[in-house]
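Reading through the structure tokens given below for one structure.
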Amino acid sequence: MIAAAQSGFTNQLLHKLESTAPNVDHALITSTGATALRQVFHGAELNGVIRAYAWGVKVAFAITIASCGISAITSLATKWDNVNKTKGSA
């Protein structure tokens, strides 16, 4: 699930950068951490990068929420057994 969320984040981040900050190098944005964005980018570039990051985070959360929902629904369909039940002596 983490790999899917990270992949979705990176994919949508780079896709959104094409419209919000087209002059930003994609390799630079993927190598720069979220805490260093304000030191690397300035002005309109920073605004576009932050918008793209926010979109990527939304996608990562959507993937995580969908996966958790599917897991919760699937868990209701499993058989419930008492694990503390003792077996009769033979």
Could you give the side-chain donor-acceptor pairs of residues 60-68 under 3.5 Å, partners two or more places apart or in another chain?
residue : atom : partner : partner atom : Å
Thr64   : OG1  : Ala60   : O            : 2.9
Ser67   : OG   : Ile63   : O            : 2.9

Side-chain donor/acceptor pairs under 3.5 Å, residues 24-31, sequence neighbours excluded:
residue : atom : partner : partner atom : Å
Thr30   : OG1  : His26   : O            : 3.2
Thr30   : OG1  : Ala27   : O            : 3.1
Ser31   : OG   : Ala27   : O            : 3.0
Ser31   : OG   : Leu28   : O            : 3.2

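Atom CG of Leu76 sits in a crowded spot, with more than 12 heavy atoms from other residues, nucleotides or ligands closer than 6.0 Å.
There is a path of hydrophobic side-chain contacts, each under 4.5 Å, that joins Leu14 to Val40. Side-chain heavy atoms closer than 4.5 Å link hydrophobic residues (I, L, V, M, F, W, Y) into clusters, and following such links, possibly through other members, connects Val49 to Leu13.
Taking a 4.5 Å side-chain heavy-atom cut-off between Ile, Leu, Val, Met, Phe, Trp and Tyr, the cluster of Ile73 contains only that residue. By the 4.5 Å side-chain criterion applied to Ile, Leu, Val, Met, Phe, Trp and Tyr, Val83 is assigned to no cluster and stands alone.
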Residues Phe9, Val57; criterion side chain to side chain contact (heavy atoms under 4.5 Å, CB included); working and verdict: CA-CA 6 Å; Phe9 169 76; Val57 168; 3.9 Å; yes
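We find the CG-NE2 distance between Leu37 and His42 to be 11.0 Å, quoted to the nearest 0.5 Å. Rounding to the nearest 0.5 Å places OG1 of Thr20 at 10.5 Å from CD of Glu45.
The side-chain contact (heavy atoms from CB on, under 4.5 Å) test applied to Ala36 returns Thr32, Gln39, not counting sequence neighbours. A search for ring-ring contact (aromatic ring centres under 6.0 Å, His included) contacts involving Phe41 returns nothing, not counting sequence neighbours. By the side chain to side chain donor-acceptor pair (under 3.5 Å) test, Gln12 is found to be paired with Trp55, residues two or more places apart in sequence or in another chain being considered. When the side-chain contact (heavy atoms from CB on, under 4.5 Å) test is applied to Asn82, the partners found at least two apart in sequence or on another chain are Asn84, Lys85.
Tyr53 and Ala34 make their closest contact through CE2-CB, 3.9 Å (heavy atoms, listed as atom of the first residue, atom of the second, distance).
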